[in-house]
Amino acid sequence: MKYNILIGGAAGQGMNTITKLLSKALKRHGYYVFVNTVYMSRIRGGHNYFQIRFSDQPLHTHENSIDVLFALNQETLDLHQRRLKENGIIIADEDLKFDPKEFALPIKKISKAIGNKKAENMILLGGLIKLFNLDYDIFTDLVSKSIKKDLSSNKEALKQGYDSLKPKFLFIGKQRDDNMLINGNTAIGLGAIAAGLGVFSAYPMTPAASIMNYLTHQQKKMGIIVEQAEDEIAAIHIALGASSAGVRAMTASSGGGLSLMVEALGLTAITETPLVITDVMRPGPATGLPTKTGQGDLSFLLTASQDELPRMIIAPRDPEDAYYQTIRAFDLADKYQLPVIVLSDQYLADSQKTIPLLNTKVEINQYLSKDQAVELPYERYKITPSGVSPRLIPGLSEYPIIADNHEHDGFGKISEDPVNRTNMHLKRLQKLRSLEADLQEPHYFGDENPDIVLIGFGSTEGALIETIETYSGQKKIGALVFGDVYPLPTQKLIKYKDKILINVELNATGQFSRLIRMETGIHCTESILKFDGLQINAEDILEVLHEKF
Amino acid sequence: MKNFKVFNTENKISWCPGCGDYSILQALKEALFELDLQPNNTMIVSGIGQAAKTPQYVNANSFNSLHGRALPPALGIHMANPDLNIFVTSGDGDTYGEGGNHFIHNIRRNPNIVHLVYNNRIYGLTKGQSSPTTDLGMITSSQLDGHKTPPINPLTLALTLGAGFVARGYAHHRDHLKALIKAAYHYKGYAIIDIMQPCPSFNKKNTPEWYESNTYYLENHDEKDFNLAYNLATHVNEHIPLGILYRVEKNTFLERLDHIHTPLLKRQVQQKDLELLLDEFL
């Protein structure tokens, strides 16, 4: 079984609340849940919607066609009714225009009767519980814990909504629930905390701001500092300063903020300071589409900053990956003393997915040296075969530690000597070579000997997995999904170089296929590109595949 | 070594002969020594400019940041390890121009940092363009008809933003400056010393002679009188007061973060706290 529910309305109508309640309750029923959010850059009004999919099988992405349309206003009906499946159901107030009206609810009447207009969402939710024959107690428990204001009228609304409908779908019984439900941004924040984050500094920017919100809520409990900086330039430099002093630090923003942070990428690289920077992509250029998704920042971040510098870019594929890759980003930033960019996007940021319980036992290694272990006189930027020099922390060493953003010698002393410059530049770039030992090859799904290989990175993994699972054409098909995108791991890719390669990306110019071509000379045969601000899914990809192959 | 020379480095100084920076550097090293600080518990942070070269000439921990970006990493370092004694050394362009936004917001934060602004009212490193403190009408290499934009007044700005320690020094009065640096160090919070200095190469107006005849030492001054301090700070071209214009106690950045009990550098993550974080997702 697999159902797709759309909850839509204007911002401020309480959709967020019922989406939270419903998705969590479904998870507690033992179902796999996938929730994605499409919203406008508004606090009140506009059209926002959530799609909640649930199933007894794992889910990886959202679906276009709808089983249950759950409308809080007429606009939702007008916009989404055409996406309803053949036997799809609409639940909405009886006074709105829709057809068939089998599951119309007297929402306005009930809310008037109980005297709480804001409880309309609860009436709808009550109806839905009955419709799917779900466990009412799970909901009342969640409602009691999460609703602070007017609890009794909200509960009454839930009850009356429940009593107004008849069951339609069979409740299949409670299964074991050992999963968690979490979105990408929260998983990044949680991963950072698990990795020992001490300082998070950022300037609020959609869709990255919820990382800061999450960390702000945890800061007292965890004894960390979350600082709202005056701008993104300050944000990254504060984090950089903290990291240079030996405390793990991170900043996060979206493309516009990353544009301001660029100068500090160079500073991070030349001072050989570890730093984790999260870019939650949204479509640009400039302000672009603030609340929508895309993968258009890849080319920008590959070369951002003047001249050449070592950097790593990791694109998490789902919330579980986002958690573990954030931890790994801290580890690799420390191990190689360079900036690591976690490249996420709005879709991953705001989508909740059921994932196995996360492992919080993290071994933290900052790869620091000790006074007794270093060669004297101590050279903070000593040239080594790996490019990585022994790192001591100011204040924890008897030696003064020098960080200078001019070209410098091994001691950190400014030097314009051409030989030194050549050696230091190569030393820093050498870290990219050394890093190859730690690269993770892409995930592969599908046929062992495919005719077609779909290629993607980051959050499109879910769409690619479901594409492979549901493709019904003549060809044998597989998908390669990269998490590490720079440096680019190439071993698996090379194995498939003679297949029909189709890059699937959320930008207009095929930035990832260009990176592949640059690094390996391999050309993708076809591309599936989407850059309208909405996430691609299996249905979108299959439409192209079934047409062409 | 039982004198300031413990803070000497062998690096060749690249300032022009007669530059006020030499005197500031010497005052800083003597102050560090007299404050009984050590190279490994002192942290000099700078941006870019002539003043920002200071860390290369002081044997101490240092973080030389980008132009305008001295204060943000200094704050980050302070968050990580408040046991480090942080001195920011930056120029008028670095602090009031490129770094203006950080200057404003660090005053609001009030971290325990000493900030020495070497204010020569001109850009030295790039050869003589006007700075945010260049006087109206002054001819510079980028304003051939004379500067048409009035200057910023850093200390009235600092005062109105709520700075708790506001001082003005003069580079060539080294002992006086040294005393200011020591007082700034003892102040709990953000302490700014705007240090006026001649630039023999590019500022032909604000010469040593000009400073000698236009400055005086503040005496019997009420350091808690805001209006008086503000009034004194407006004098930047004649009858310029040298000394601590304003000194009052304020809560510092870390004092306001009452959940930080141990320096972050010494913090240990508790496994059970991490596990509890998962509850809200179940």
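The structure presented is a predicted model; accordingly, all values stated were derived computationally and were not measured. Just so we're on the same page: letters track the sequence lines, and every chain starts at 1. Below, each value reflects all heavy atoms present in this structure, side chains not excepted, and no hydrogens, waters or symmetry copies.
Between chain A and the residues B:I48, B:L71, B:N106, B:N81, the most heavy-atom pairs under 4.5 angstrom are made by B:I48. When each of B:L265, B:N59, B:L257, B:N41 is scored by its heavy-atom pairs under 4.5 Å with chain A, the top score falls to B:L265. Contact count versus chain B (heavy atoms, under 4.5 Å) is highest, among A:K361, A:E263, A:Q219, A:K221, for A:E263. By number of non-hydrogen pairs under 4.5 angstrom with chain A, the leading residue of B:R108, B:K53, B:R109, B:E275 is B:R109. Here B:L66 is the residue among B:L66, B:T9, B:D258, B:T262 with the most heavy-atom pairs under 4.5 Å with chain A.
For A:T216 and A:N213, the side-chain atoms include no donor-acceptor pair closer than 3.5 Å. For the 3.5 Å distance criterion, the side chains of B:H78 and B:N112 fail to qualify, holding no donor opposite an acceptor. Side-chain polar atoms of B:Y118 and B:T54 form a donor-acceptor pair below 3.5 angstrom. Under the 3.5 Å distance criterion, with hydrogens and angles disregarded, a donor-acceptor pair is assigned to the side chains of B:Y185 and B:N85. Between the side chains of B:T95 and B:S90, at least one donor-acceptor pair of N or O atoms lies under 3.5 Å. A donor atom on one side chain and an acceptor atom on the other are found under 3.5 Å apart for B:Y190 and B:H115. Counting only N and O atoms by type, the side chains of A:T354 and A:N179 include no donor and acceptor under 3.5 Å apart. A:N420 and A:E407 share no side-chain donor-acceptor pair at under 3.5 Å. A donor-acceptor contact closer than 3.5 angstrom links the side chains of B:T126 and B:Q129. Inspection of the A:N183 and A:D350 side chains reveals no N or O donor paired with an N or O acceptor under 3.5 Å.
Heavy atoms closer than 4.5 Å to chain B are found in the side chain of A:L396, but not in its backbone. Only the side chain of A:Y214 comes within contact range of chain B, with heavy atoms under 4.5 Å apart. Neither the backbone nor the side chain of B:I86 has a heavy atom closer than 4.5 Å to any heavy atom of chain A. With a threshold of 4.5 angstrom between heavy atoms, A:I224 approaches chain B through its backbone and through its side chain. Looking at A:K27, only its side chain comes within 4.5 Å of chain B, counting heavy atoms on both sides. Both the backbone and the side chain of B:M79 come within contact range of chain A, each with at least one heavy atom under 4.5 Å from a heavy atom of that chain. The contact between A:L197 and chain B is made entirely by backbone atoms, counting heavy-atom distances below 4.5 Å. When heavy atoms are compared at a cutoff of 4.5 Å, B:I260 approaches chain A solely by way of its side chain, counted from C-beta outward. Heavy-atom distances place the side chain of A:K24, and not its backbone, under 4.5 Å from chain B. Interface residue B:E280: backbone and side-chain heavy atoms are both found under 4.5 Å from chain A. Contacts of A:S243 with chain B are absent, with no heavy-atom separation under 4.5 Å from either backbone or side chain. Of the atoms belonging to A:A234, heavy atoms from both backbone and side chain fall under 4.5 Å from chain B. Both the backbone and the side chain of A:A229 come within less than 4.5 Å of a heavy atom in chain B. Contact annotation for A:I414: both backbone and side-chain heavy atoms come within less than 4.5 Å of a heavy atom of chain B. Only the side chain of B:F253 comes within less than 4.5 Å of a heavy atom in chain A; its backbone stays farther off. Contacts between B:N101 and chain A at a heavy-atom distance below 4.5 Å involve backbone atoms as well as side-chain atoms. Residue A:Q352 does not touch chain B at all, counting heavy-atom pairs closer than 4.5 Å.
With respect to B:Q197, the side chain to side chain donor-acceptor pair (under 3.5 Å) criterion is satisfied by exactly one of B:N119, B:D21, B:N120: B:D21.
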